[in-house]
Each structure stands twice: as structure tokens, then as C-alpha cells.
Amino acid sequence: MNILVTGGAGYIGSHTCVALLEAGHSVIIADNLCNSKRETVEKIIDITNKEVTFYETDVTDEQAVSVIFNNNKIDGVIHFAGLKAVGESVDLPLTYYYNNIVSTMILTKACKKYGVNRFVFSSSATVYGENKVPFVESMGLLPTTNPYGETKAISERILTDIAKANPEFSVALLRYFNPVGAHESGLIGEVPNGIPNNLMPYVTQVAKGKLEKLRIFGNDYPTLDGTGVRDYIHVLDLAEGHVAALDNLKEGARVYNLGTGQGTSVLELLKAFEEANGIEVPYEIVERRPGDISSCYADALKAKIELGWEAKRDIIAMCRDAWGFEKNYKDFVEAK
Ligand code: NAD
Ligand code: UFG
């Protein structure tokens, strides 16, 4: 199939392009490069030895999007393009609502016009709010604590309603847990803007000596060692989950958790990183981070049964590959 991948130059998008190309699909990337680099597209080509069509396009631009649909025979869309910094979304709500929701509407409008009936959407486990773990797809959504999370919940509702009204339009709403790691080549991976918010890139930058020590946000949560528990998933497993979702689209809008089903605490992840890479990572315990929940992990059964997909890579592989990318990545030293 010819797949339009919006946000395909980004972290999860680039790994998914590799997985799509390796599974025999063709890829058209539309990315405005607001949080990624053109050279990532070259890296995707280097890894796979396959051609990629690239459009430097903002997918909230209806005119520009229709050019892509006009010039290519598109069989399906995977919509990754979005802004994702939780804290920034609190300061810039309009920017987040506009970018993340308007893009979804423009793309579905183009799908309808051009008869494209396969749509896969990047959602987030954040839509579960403070439900009880493990999070199951049948749970009701609870309010999130920030505009970013709301853009995901609203986009899910929009896509669900569109699929209801258009029975030929199939949608997979993929709720990601905590994607980490990188392609084993070390060529593509996560490049956060400025000081990382997320745990794994923070850990790799401490390991590299760019940051002094990790600050662990709270050790008084009701978890095994008091630190926050998350469901870390290797980005390559996540990427393969998209190929499975695309290949197994059914009528209507269907929700799938893409997680491992396994909770790991901050201290456990730190230990795994040290063990996988033989590097000590200094840390201190500080106050809880506002808005954090104690535990977040998936019930991963539905994706296994309906998509025939489950995560295969363990936490050691995640830590090894995250470090493999970080230690190879030159720009970030130069950018400093
Ligand atoms: P990323 O920032 O690396 O990738 C997003 C890409 O979209 C970037 O290349 C950016 O340049 C592009 N983009 C943003 N707005 C655009 C627009 N209007 N037009 C065209 N391109 C645009 O982020 P990621 O981690 O790869 O996340 C991909 C998707 O998955 C996002 O929708 C994000 O909200 C979602 N998600 C990510 C996580 C995570 O922890 N990384 C968790 C849950 C959900
Ligand atoms: N943590 C630290 N120190 C840090 C960074 C994080 O102790 O410097 C802890 C957090 O308190 C949390 C865990 O590490 O317990 C994971 O934190 P992340 O910031 O890596 O991830 P979150 O689970 O908070 O957030 C992620 C995505 C969000 C998404 C959310 C729910 O970043 O976009 O998962 O799916 F909304």
C-alpha cells in the first residue's frame, strides 16, 4: 500500500516509516519539520535502501494537503504530526488545539474527498487519566490535566464520529504508553528540544555527561519502591504495532493500547540502564512533579488478539538502543 505518514520525520514516525518500508509498503512523508530534521528522511532511506517521497508541508494547510492527495495514489494515512510537550501545551493552548485538532480534520476531509478509507491515529495513554491500572480500552476516558491530553481525547471523538457516519472509513486509535529506545543502527532516535522532559532522554544525557544528575520526581508513590511506574515500550515494537494496525483495520473506529503490559519503576529503569550499558547514572530524589500519576501501564491483550501484535523487546534492549543512539548523535553537542 502507499501510505501517507504525517510527522514521518519525527521520533515515532521515522521508526514506523522503516517498519512500513520493510513490510513492503511505500511511504509518502508530510512533515513541516517543526520538531525534526530533513536528514532523518535520508537516514530512513539509508536504513531501508528504499525510496521515500517527502513533502515539507504543514498538514493544517488544506491547500498543501490536497496537493499531496492529488499527486499520489494514497491507500492509507498514519497521522503522527502533532505537538507533544505537555508543559508547553499549558502555556500555548491555542497552538496545541489548533495544530493537533485542525490537522486531524483537514486530513480526514481529504480522505473523504479522495476516497481514502484507512486511517491510523497517534493517541496516548494520557486519555485514561486517573483510571485504575492496568488501563483497558473499554474504560471511560477521564479528563487529562493539560491541553495536550485533551487534543488526543477530542481527536479520538472526532474520528469515532466520522467513522460512525461513514461506514467505509476504518480508523485505528492507537494509545501509546511510554515509547523509548531507538533503531539498532543508531541512525535514528529521539532528539528532544532543549532539556528533556521525559525520563529516558534525561538518563541518556546524564550518561553522556551533558546533564549532571537525574532528578527522580518523588519516592513516596504507592508503588513497589515509591517511584513512578510506567509501561515503557521499545519504539521498534511500537512501529511494528502500526503496521499490524494498518493491516488489520476493521469497520468503525477501534481503540488499541500499544504497550507491553509491564510496569517498570524509575529506579528499576535506572538499574536496567546501568546494567545494559555498564555506566553509572547519578541521581537525587526530589519533589513529585505536578500532574504525574503514580502508575500507568496497559492491558495489552486486545492488540494481541485483534491485531496479532505484541511487544517483543525487553527493558534491557530499550536501554541499550536508547544509549546506542545518544552516544552516536553528534548534533546535540554541536547545538549546545
Ligand atoms: P515528534 O515531535 O518527534 O514527531 C512529530 C512530528 O510531527 C515532527 O516531525 C514534527 O515536525 C511534525 N509536525 C508537528 N506538527 C505538524 C504539522 N502541523 N504539520 C506537519 N508536521 C507536523 O513526536 P513523536 O514522539 O514522534 O510523536 C508522534 C505522535 O505520537 C504525536 O502525535 C504525539 O502526540 C504522539 N504520542 C507520543 C508519545 C511519546 O511519548 N513520544 C506518547 C503518546 C503519543
Ligand atoms: N521522571 C523522573 N525524572 C525525570 C523525568 C521523569 O523521575 O527527569 C519520572 C516521572 O515522574 C514518571 C516517569 O519518570 O514517573 C516517566 O516520566 P516521563 O516524563 O518520561 O513520561 P510520562 O509518563 O510522564 O509522560 C508520557 C509522555 C506524555 C504522555 C504520557 C501518558 O511524555 O506525552 O506519557 O501516556 F501523555
Side-chain angles (χ1 to χ4, degrees), residues 1-8 10-27 44 47-48 75-80 117-128 133-139 152 155-156 159-160 163 169-184 188-190 200 230-264 296-318 321-322:
M1 289 192 277
N2 289 325
I3 307 302
L4 173 62
V5 183
T6 76
Y11 173 45
I12 305 169
S14 57
H15 290 84
T16 303
C17 287
V18 169
L20 287 166
L21 291 161
E22 284 175 348
H25 298 293
S26 297
V27 162
I44 295 169
I47 291 170
T48 58
D75 300 302
V77 175
I78 307 185
H79 180 30
F80 291 104
N117 289 323
R118 297 182 184 89
F119 200 93
V120 175
F121 178 67
S122 294
S123 189
S124 166
T126 194
V127 299
Y128 288 111
V133 283
F135 296 151
V136 190
E137 291 87 342
S138 55
M139 282 173 165
K152 294 299 176 190
S155 293
E156 282 201 11
L159 289 165
T160 303
F169 190 61
S170 297
V171 179
L173 303 169
L174 304 182
R175 294 181 182 158
Y176 310 156
F177 283 70
N178 289 55
V180 294
H183 191 264
E184 57 257 345
I188 54 173
E190 187 174 13
M200 185 66 94
R230 296 291 183 272
D231 186 339
Y232 298 97
I233 174 167
H234 198 298
V235 68
L236 291 177
D237 279 322
L238 191 65
E240 289 161 10
H242 288 74
V243 181
L246 193 67
D247 288 344
N248 292 282
L249 278 169
K250 304 204 173 61
E251 70 285 356
R254 301 198 177 206
V255 181
Y256 298 101
N257 286 340
L258 295 186
T260 64
Q262 191 81 36
T264 302
C296 170
Y297 54 90
D299 179 316
L301 206 59
K302 188 176 175 194
K304 186 175 175 183
I305 293 169
E306 292 193 17
L307 306 179
W309 168 89
E310 64 182 321
K312 298 193 294 261
R313 295 158 179 92
D314 65 9
I315 198 85
I316 294 287
M318 299 180 213
D321 293 339

Side chain to side chain donor-acceptor pair (under 3.5 Å) between Y176 and S122, intermediate numbers included: CA-CA 7 Å; Y176 310 156; S122 294; 2.7 Å; yes
Interatomic spacing from CG in L174 to CG in L238 - rounded to 0.5 Å: 8.0 Å
Distance in Å, Y256 OH paired with L307 CG, rounded so as to fall on 0.5 Å steps: 4.5 Å
Step-by-step side chain to side chain contact (heavy atoms under 4.5 Å, CB included) determination, T16 to V5: CA-CA 9 Å; T16 303; V5 183; 5.6 Å; no
K250, NZ atom: more than 12 neighbouring heavy atoms under 6.0 Å: yes
E306 atom CD, over 12 foreign heavy atoms within 6.0 Å: yes
Do [X] side-chain atoms and [Y] backbone N/O form a donor-acceptor pair below 3.5 Å?
X    : Y    : value
W309 : H242 : no
D321 : G181 : no
E190 : V180 : no
H25  : M1   : yes
D231 : A298 : yes
H15  : H183 : yes
N248 : G308 : no
N2   : S26  : no

Non-hydrogen atoms of D299 and L301 that approach each other most closely: OD1-N, 3.0 Å
Nearest non-hydrogen partners of N257 and A303, listed with the distance: O-CB, 3.7 Å
Worked verdict on L236 versus E184 for side chain to side chain contact (heavy atoms under 4.5 Å, CB included): CA-CA 9 Å; L236 291 177; E184 57 257 345; 3.3 Å; yes
Check: T260 and Y232 side chains under 4.5 Å, non-hydrogen atoms: no
Side-chain ion pair, E156 and R175, N-O less than 4.0 Å: yes
